[in-house]
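All chains are named by letter (A, B, ...) in the order of the sequence lines, taking the proteins before the strands, and each is independently numbered beginning at 1.
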There are 2 protein chains.
Amino acid sequence: MAFKKNGNRAATLADVGREAGVSAMAASAVLNGAKTSTRISMVTRDRILAAAKKLRYRANVAARALAYRRMNTIGVAAVIEGGELNQYFLNVFNGILEGARERSQNTTVFTLQNWIEDSQRLLGFCDGRIDGMILVCPNLASQSVENLPSHTPFVAIHPNQVIKGVAFLESDEEEGAFAMVQHLIEKGHRRILHLSGGRGLISTARRIKGYQNALKKAQIAAPENMIIEAGFSIARGKEAMARFLQNVDAKALPDAVFCASDSIAVGAMEALAEKGIHVPEDISVAGFDDTLLARTTRPQLSTVRQPLRKMGYDAVDTLIRAIENRDNEPSPTSERKGYVTELVFRASIANRN
Amino acid sequence: MAFKKNGNRAATLADVGREAGVSAMAASAVLNGAKTSTRISMVTRDRILAAAKKLRYRANVAARALAYRRMNTIGVAAVIEGGELNQYFLNVFNGILEGARERSQNTTVFTLQNWIEDSQRLLGFCDGRIDGMILVCPNLASQSVENLPSHTPFVAIHPNQVIKGVAFLESDEEEGAFAMVQHLIEKGHRRILHLSGGRGLISTARRIKGYQNALKKAQIAAPENMIIEAGFSIARGKEAMARFLQNVDAKALPDAVFCASDSIAVGAMEALAEKGIHVPEDISVAGFDDTLLARTTRPQLSTVRQPLRKMGYDAVDTLIRAIENRDNEPSPTSERKGYVTELVFRASIANRN
DNA sequence: CTGAAAGCGCTTACAG
DNA sequence: CTGAAAGCGCTTACAG
């Protein structure tokens, strides 16, 4: 009984082979399904299996990845604002996890502080640890990501631009905003305030456009000062709503507030509550996204549902196809995959007819 | 100009060395700080740097990990119930991400369906892809994880048991429950319902114990039927509250409900709202955890704060120490790190004095 | 049916 | 100051 000074090292193929009295390759063939001849006699096969079990053998992924040129891991990059992953990300991420699990892929999360400043770090992640990367980037301002490495495929969810060679998924935000504002109008609201997303984002612009078009179609005047820039967070929504309320007396309250995200809506509702203004009796509120937040407010929020979870799920699919085509594809395309939004009615919109 | 048919392959040290007219080791020394002699002449150093930049060289982690025996990646395992990561996890995870980022470690999330059935999968993750693993396991029933591999260190957050060789972090749940119920009593509540966590969890038992002790200390009778088993989720909380309300007429409503988690409290508030019962005018509600949920309800929830984010952050620290001691440590200990809870007062508790 | 060889891209001793 | 060698643990051709 030889004393093996391997400390806490995990057993290797060589260890297993030695234990079973065969070569490491034979062990590789039965344990890891290596593509060498599959026919190993039943008896030695069983010996190898027994040895592996005894030694608690696990193929080392680093070694395997090096030889096989594939990590079976996908990266997910997101910017965290205020140090917290938000509900939007959580929804998308749940879909990504589901897709990855179905395809036996692992998931690595990379958090960035800021797309512009950290876009170089993105390159650093393409060092063999992942086979491809999903960018969750609804908050990506234009021209902040470029020069992505060609040897690692990327897929973007809600980028606000076309990134060269990167497939992207987005939902019809303008259409969703249009439908929600039209719904508010149908329910008898005329003076509709819009709390918008952050400056410079296509998402923001698209939601404003949908809002404006719905008003125009109903031939309702849309004064400039009814669009207030907020930004995609609870804090910004609250701040913007409070700012608006300061300059307006109770009689002149709008009929409704259409918020560019659920988080903005939550903030707005907080600001309204602090002024003793009731939703939806005094004012209706509508959100956008349909994250978990929409169900935790009181009253629950009517909102525009984006299929975030499905988009995350599909992104995995798109990415894996790109990974598998890595070597034969001439050049990756910036293919777009679109999703329809739908209205979700809860309790935050009153009927004023 | 030789045509290199390397498809979309990333540049290697050999490529950089060739480009700069030096060996791969010299390149390794400059680019990756390999421990070989550090003194490379300035001129060749610059040549190497230039070549690396031109070729966009990135050290391949799989190769590096194999040689260096370290992945610089930590695993995070959690059970997702109902297919969704919850707020509890999100809070802990934010702390883990922060700690990992500070120490330049990557993070890989492994989701399990069920601790008992998937505990074998945990072993499968210890295959060199991670250097250590954090178990986020407030929902771990006893004896469901054992036989963890000795070559990969583990740290557990809120396991409900001592796992051999695994350091663990937990907060004083019993103390927190005690303090909250005592606070309710001070505010004039006498009949206090408890909506408990899932069966078989120490967390559940500890919160019940704290509840009971506070009543006992105040010499308030605690009838058995004032403890209702719910389970740690919004749906279970709602269901349990609704079930209770069915058997009770409006006059006999308790003064307060102490919920074993914020999610239970959110569900309870939904059930109460559906019956037209107002919080806190008709009944006070208290939660536990202080996740984001506590701030999104209307009224906002008074709750017992567990320092989840800090616990996640600290778990990284504990784990990394274990990783670095991997080879010299005789045998890892089941060291415990405790955290105090604190009460957070918002608007869901009335003063009945 | 099974094994010896070479290589994935990086290390760390060891020479010079 | 720099390079040739051997090895991390696994592969895939190629022999026999």
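At C:dG9, one or more side-chain N or O atoms of A:Arg69 fall inside 4.0 Å of OP1 or OP2 (strictly under the cut-off). Between B:Thr44 and the phosphate of D:dT2, there is a side-chain N or O to OP1/OP2 separation shorter than 4.0 Å. Contact check, B:Thr12 against C:dG9: no side-chain N or O comes under 4.0 Å of OP1 or OP2.
The ring pair (Phe, Tyr, Trp, His ring centres under 6.0 Å) search around A:Tyr57 returns none, not counting sequence neighbours.
Residue A:Val22 is in sugar-phosphate contact alone, with no base atom involved, counting any heavy-atom pair closer than 4.0 Å across all strands shown. Residue contacts for A:Arg58: at a heavy-atom cut-off of 4.0 Å it reaches the sugar-phosphate backbone alone, with no base atom in range.
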Give the table of side-chain donor-acceptor pairs shorter than 3.5 Å for residues 48-56 of chain B, with sequence neighbours excluded, one pair per line with atom names and distance.
residue : atom : partner  : partner atom : Å
B:Lys54 : NZ   : B:Glu19  : OE2          : 2.9
B:Arg56 : NH2  : A:Asn147 : O            : 2.5
B:Arg56 : NH2  : A:Asn147 : OD1          : 3.2

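Using a 4.5 Å heavy-atom cutoff, the side chains of A:Arg121 and A:Phe110 are not in contact.
Between B:Tyr68 atom OH and C:dA13 atom C1' the separation is 15 Å, expressed in whole Å. Counting to the nearest Å, the P atom of D:dT2 and the CZ atom of B:Arg18 are 19 Å from each other. One interatomic measurement links the two molecules: CG of B:Asn60 to C1' of D:dC8, which rounds to 13 Å at whole-angstrom precision.
Under the 4.0 Å criterion applied to side-chain N and carboxylate O atoms, A:Asp317 and A:Arg103 are assigned as salt-bridge partners. For B:Glu170 and B:Lys337, the salt-bridge test fails: no basic side-chain N is under 4.0 Å from an acidic carboxylate O.
In summary, the side chains of B:Tyr313 and B:Asn94 do not present any donor paired with an acceptor at a separation below 3.5 Å, with no hydrogens or angles considered.
Taking a pair as Watson-Crick or G-U wobble with both distances under 3.5 Å, the runs of three or more consecutive pairs in DNA chain D are C:1-3 with D:14-16, C:5-12 with D:5-12, C:14-16 with D:1-3.
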